[in-house]
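Taking it in order: structure first as structure tokens, then the write-up.
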Amino acid sequence: MTRTRTQEFDHLRPLLFAIAYHLLGSVGEAEDAVRTTGRHWRTLPAAPRDARAHLTAHLTRTAMDMLHAARARRAAYTGTWLPEPLLTDPHGAPAHGPHPAGSLPTAVLLELERLDPLQRAVFVLDEVFAFEYAQIAAAVGHPEAACRDLAAQARRRTAAARTRPQADRAQCAALAARFFDALKDGDAGALRELLAADAQLVGDGGGKAPQLARTVTGDDRVARLLTSLVTLLTRIDVTVQARTVNSRPGALLRDRDDKVLATWTLDVRDGRIHTIHSVTNPDKLAHLGPVADAWALNREAGRTRRATT
């Protein structure tokens, strides 16, 4: 059955979004890139013979242009910049279709920030989406041989993040379950046993929500901070719901009205939790649903702390 032009675009939309997200690290910017490509598609006098090739090429170049501008904004970002979180468990999949939009974990997405836009586009199309080099060359507008060189350079620059030992899925899930049980019980000792000695807690509030003044490092410091934080949040009816975020164990924090307060993502290496990425910037959470007033919750938590001391 032949698809209409609109049906063809809708069919490819999940793939286009996934490519744009991996290039931009932002859900909102990825959706903007897809909309721009959609407008271009609708204005074509005739549909190209290969809709997938045409749309992915336009989308890729649009996202590359956007990434140049985004880099300037990120250089002036308040605090630590982290990619926008995507829920990639079955509960989160319907928002952007079945394509594995969050297949790269946060740690690797952060490594991609070190690449220039052209390198990043070649790497993403090659490593994540397994495009042929002829297709990549057509998409980015560079010779195939140059794309092979760019892909090799990108692989070398991101090798450390991509080759870090990861627990298998069952082991990783079991470790995450123990982590959240320890948090629920307020057991800092049990939590410390699950963390790497040089574990880190990295937060991104973007100046728009309460955030860490700096990255917290060390298993004891991270364990004590998380335990006291979750104990306090529980007192004001904030829940920590285990979810899969960017294809890694994580959590969604919600207030008493079921509004989203934060996401956490756990980076597992060698059977221990090495990094916890926490996003509280409301602009980066809006695609997950209504967002909580983090400042109001922070004030309430402060009153609760004073009342119990």
Side-chain angles (χ1 to χ4, degrees), residues 25 74 77-85 105-111 113 160-161 164 166-167 172 175-236 238-243 245-246 248-254 260-282 284-285 292 294-295 297-302 304-305 308-309:
R74 291 170 193 178
Y77 193 78
T78 301
T80 300
W81 181 91
L82 294 175
E84 290 186 19
T106 299
V108 179
L109 288 172
L110 285 170
E111 288 294 317
E113 289 293 308
R164 288 170 185 159
Q166 291 283 345
C172 207
L175 181 66
R178 291 168 60 197
F179 173 83
F180 289 117
D181 283 344
L183 274 181
K184 183 179 178 180
D185 295 340
D187 190 338
L191 202 60
R192 188 168 51 248
E193 291 298 315
L194 304 175
L195 298 170
D198 58 346
Q200 294 185 326
L201 175 59
V202 183
D204 175 356
K208 299 183 177 183
Q211 65 188 66
L212 300 170
R214 61 180 64 85
T215 296
V216 178
T217 303
D219 55 355
D220 186 61
R221 293 183 66 202
V222 172
R224 286 189 288 108
L225 176 60
L226 284 176
T227 303
S228 61
L229 176 63
V230 171
T231 298
L232 191 58
L233 290 176
T234 300
R235 290 175 185 161
I236 60 172
V238 171
T239 58
V240 180
Q241 305 170 357
R243 300 291 294 269
V245 184
N246 289 89
R248 291 292 182 266
L252 196 60
L253 279 66
R254 293 185 180 273
V260 179
L261 174 63
T263 61
W264 290 350
T265 310
L266 311 183
D267 179 26
V268 177
R269 308 183 202 170
D270 299 319
R272 291 287 187 273
I273 296 167
H274 183 272
T275 308
I276 302 165
H277 293 107
S278 171
V279 176
T280 56
N281 184 339
K284 295 186 176 185
L285 301 174
W295 294 110
L297 289 170
N298 189 55
R299 291 191 294 271
E300 183 180 354
T304 301
R305 183 190 294 112
T308 57
T309 57

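Quick caveat: nothing in here was measured; it's all calculated off a predicted structure.
In this structure the side chain of Val260 reaches within 4.5 angstrom of the side chain of Arg254, judged on heavy atoms. With contacts defined as side-chain heavy-atom distances shorter than 4.5 Å, the pair Arg224/Thr227 does not qualify. Proximity of Thr106 to Arg248: side-chain heavy atoms (C-beta onward) are nowhere separated by under 4.5 Å.
Within the structure, salt bridge (charged side-chain N to carboxylate O under 4.0 Å, His left out) pairs that include any residue of residues 177-190 do not occur (at least two apart or interchain). A salt bridge (charged side-chain N to carboxylate O under 4.0 Å, His left out) check over residues 271-281, counting only residues at least two apart or in different chains, returns nothing.
If you take OG1 on Thr275 and NE2 on His277, they are separated by 5.0 Å, rounding to the nearest 0.5 Å. Atom-to-atom distance recorded for Arg305:CZ and Ile236:CD1 is 9.5 Å, nearest 0.5 angstrom. Atom OG1 in Thr265 sits 10.0 Å away from atom CG in Leu109 (nearest 0.5 Å). For the atom pair CG (Leu191) and CG (Leu183), the distance works out to 5.0 Å, reported to the nearest 0.5 Å. Atoms CG and CG, on Asn246 and Leu266 in that order, are 12.0 Å from each other to the nearest 0.5 Å.
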Table please: side-chain donor-acceptor pairs of residues 199-214 below 3.5 Å, with sequence neighbours left out.
| residue | atom | partner | partner atom | Å |
| --- | --- | --- | --- | --- |
| Asp204 | OD1 | Tyr77 | OH | 2.5 |
| Asp204 | OD1 | Gly206 | N | 3.2 |
| Asp204 | OD2 | Tyr77 | OH | 3.4 |
| Asp204 | OD2 | Leu82 | N | 2.9 |
| Asp204 | OD2 | Lys284 | NZ | 2.6 |
| Lys208 | NZ | Asp283 | OD2 | 2.3 |
| Gln211 | OE1 | Gly205 | N | 3.4 |
| Gln211 | OE1 | Gly206 | N | 3.1 |
| Gln211 | OE1 | Gly207 | N | 2.9 |

Show your working on side-chain contact (heavy atoms from CB on, under 4.5 Å) between Glu84 and Asn281 and close with a plain yes or no. CA-CA 9 Å; Glu84 290 186 19; Asn281 184 339; over 6 Å; no
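Of all non-hydrogen atoms in Leu175 and Gly271, the two that sit nearest each other are CD2-O, 3.8 Å. What you find for Ala223 and Ala188 is that their closest heavy atoms are CB-O, 3.6 Å. Gly250 and Phe180 get closest at one heavy-atom pair: O-CZ, 3.3 Å. Closest of all the heavy-atom pairs between Pro85 and Thr263 is CG-OG1, 3.3 Å. The shortest heavy-atom contact between Ala251 and Val245 is N-CG2, 4.1 Å.
For the side-chain contact (heavy atoms from CB on, under 4.5 Å) test with Leu195, the passing option among Leu226, Asp220, Asp219 is Asp219; the others fail.
Between Trp264 and Phe179, the two ring planes are perpendicular [angle over 60°; tilted spans 30° to 60°].
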